[in-house]
Amino acid sequence: MKPLLIQGGYIIDPSQGLDETLDLLITEGKISWLGKREITSSKPDCDVLNACGLIVCPGLIDLHCHLRQPGFEEKETIATGSQAAAQGGFTTICCMPNTNPPLDSQATIHYVKSIAAKEGVVHVLPIGCVSKGRNGEELAEMDELASAGVIGYSDDGNPVFSSRLMRQALDYSRISGLPIIDHCEDTTLAEGGLMNEGVTSTKLGLPGIPAAAEEIMVARDLALAQLTGGRLHIAHVSTKGSVDLIRQAKEKGIQVTAEVTPHHLTLTEERVIGYNTNAKVNPPLRTEQDIQALTWGLKEGVIDIIATDHAPHTEADKLGEFALAPFGISGLETALGSLMSLVHSGELPLTTLIAKLTHEPAKIISDKYGRLGTLNIGTPADVTIFHPDKEWVVDINIFASKGKNTPLNGSRLKGKVMATISQGKLVYKDVSIRLEEKAPLRG
Ligand code: DOR
């Protein structure tokens with residue numbers, strides 16, 4: 001592979017406090033050099049990517065997405081999902097185990113890893129089930145899953161409903177050091193609910209999912225994390241009440257991390273008006289007040305990371321009646337553009353946004369992948385390059401994902417991924433990006 005010089009970009013790497021214009025050289029798939037332009041001019045024989053006016057940061061990491069393979073390949077595959085990731089600026093994606101069969105055995109984890117190695121264009125790191133068959137009754141073979149290489153455990157799509165099982169899982173996480181990622185939902189309270197419970201659900205005549213359905217489980221999980229000292233990660237936080245609970249728990253020293261999705265940070269329940277099934281997601285889109293609390297929580301460190309919960313479904317799935325459509329939003333390709341609205345409105349510093357998508361999720365993923373989320377010299381060259389101000393219109397027809405289910409189709413976003421480099425390989429580039437050849441220096 002020819003060396004690649006990324007020239008004149010503004011480098012933001014929260015893992016090493018970098019925030020300045022620097023050139024970056026990639027050699028044999030690794031970051032080999034970072035420095036000022038004058039020095040760079042003596043670097044020989046490489047391709048050059050002109051990044052003037054662009055932000056260059058560590059490759060984005062998504063701790064929570066659904067790739068649907070095995071079992072639901074009509075919705076997404078590891079190949080299409082990883083291409084969507086590349087198009088969205090992600091170089092590492094962690095896939096949830098609600099597949100068919102679920103990822104609850106060494107064999108299924110090996111299957112995902114082997115397909116990812118053959119067909120994936122970015123790193124694909126599987127998450128194993130908490131319970132056998134995801135049925136919430138008996139712990140999966142946690143040890144086996146850990147040795148097969150999972151980065152955590154989750155029954156996502158479902159909560160771990162039994163407090164006893166959750167306790168056992170958290171106990172185990174103390175030994176393995178791998179997080180238990182819980183989808184916090186009291187399903188008895190949420191049962192039958194289709195959207196956030198409030199004025200809009202009343203107007204639309206749709207059964208609601210109250211904020212309390214999430215908060216009851218968040219509170220229970222925090223109590224169990226305190227009891228066990230286990231490693232709890234709360235998935236897709238969506239309410240102000242959850243932010244308050246996590247803040248209090250962190251103040252008490254309870255070990256917990258939490259994530260929020262781009263859609264819960266930027267869209268309200270009103271997106272459902274018109275019975276828009278593409279805005280039907282679980283947990284549901286909430287209110288402006290929740291968005292403010294989530295943004296505050298993110299900025300203050302109560303919420304550690306942003307994860308997409310990319311949940312692709314087919315057009316046929318989403319076409320029917322609102323009540324029958326599955327929950328989920330296809331999010332990998334709109335994540336960065338959506339999130340940049342928080343930066344443009346002054347609500348979130350750009351460096352914080354990048355940290356929440358790089359260094360912070362890298363910290364949650366086990367040490368053996370400790371070389372993610374950084375542009376440190378010698379680390380695998382996972383790099384995202386984006387234009388902070390470029391406007392573009394979301395067009396599902398050019399999504400790499402099979403999931404066209406987004407409420408953002410046709411929306412204008414400001415902030416666009418221009419190139420994604422995974423282990424030194426250019427896996428996505430905007431049409432306007434051209435590589436130039438720099439001839440070897442002679443004499
Ligand atoms: O909206 C959602 N879709 N929430 C989940 O928790 C699961 C996901 C899916 O798998 O489609």
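For ligands, and for the atoms within them, numbers begin at 1 and follow the listed sequence. Residues: numbered from 1 along the sequence shown.
- Close approach to His183 involves these atoms of ligand 1, each under 4.0 Å from a residue heavy atom: 6 (O).
- With rounding to the nearest 0.5 angstrom, the OG atom of Ser163 is 6.5 Å from the CE atom of Met217.
- At a cut-off of 3.5 Å, with distance as the only test, no side-chain donor of Thr295 or Glu347 sits close to an acceptor on the other residue.
- Salt bridge status for Asp317 with Lys280: absent, with no side-chain N to carboxylate O gap under 4.0 Å.
- At the top of the distance list for atom 9 (C) of ligand 1, counting protein heavy atoms only, stands Arg68 NH2, 3.4 Å.
- Looking only at heavy atoms of the protein, atom 3 (N) of ligand 1 is closest to Phe327 O, 3.1 Å.
- Each of the following atoms of ligand 1 lies closer than 4.0 Å to a heavy atom of Gly157: 6 (O), 7 (C).
- Looking only at protein heavy atoms, the nearest one to atom 5 (C) of ligand 1 is Asn282 O, 3.5 Å.
- For the pair Lys404 and Phe399, the NZ or CZ position fails the cation-pi test of under 6.0 Å to the six-membered ring centre and within 45 degrees of the ring normal.
- Of the heavy atoms in Glu185, none comes closer than 4.0 Å to ligand 1.
- No hydrogens or angles considered: nothing links the side chains of Asp430 and His387 as a donor-acceptor pair under 3.5 Å.
- Against a heavy-atom cut-off of under 4.0 Å, His236 is close to the following atoms of ligand 1: 6 (O).
- Dense packing is recorded around CD of Gln16, with more than 12 heavy atoms of other residues, nucleotides or ligands lying under 6.0 Å away.
- Considering backbone and side-chain N/O atoms, Ile329 never comes within less than 3.5 Å of an N/O atom of ligand 1.
- A perpendicular orientation is assigned to the rings of Tyr153 and Tyr172, their planes being inclined by more than 60° (bins at 30° and 60°).
- Using 4.0 Å as the threshold, Pro326 has no heavy atom nearer than that to any atom of ligand 1.
- Annotation for ligand 1: atoms under 4.0 Å from non-hydrogen atoms of Ala311 are 3 (N), 8 (C), 9 (C), 11 (O).
- By the criterion of a heavy-atom distance under 4.0 Å, the side chain of His313, and not its backbone, is placed next to ligand 1.
- Interface of Val281 with ligand 1, defined as ligand atoms under 4.0 Å from a residue heavy atom, comprises 1 (O).
- Atom CD of Glu191 has 12 or fewer heavy atoms from other residues, nucleotides or ligands within 6.0 Å.
- Using a 4.0 Å cut-off between a side-chain N of Lys or Arg and a carboxylate O of Asp or Glu, Lys356 and Glu259 do not qualify as a salt bridge.
- Heavy atoms of Asn98 found under 4.0 angstrom from ligand 1 belong exclusively to the side chain.
- Numbered from 1 in the order shown, with element, the atoms of ligand 1 that lie under 4.0 Å from a heavy atom of Asp156 read 6 (O).
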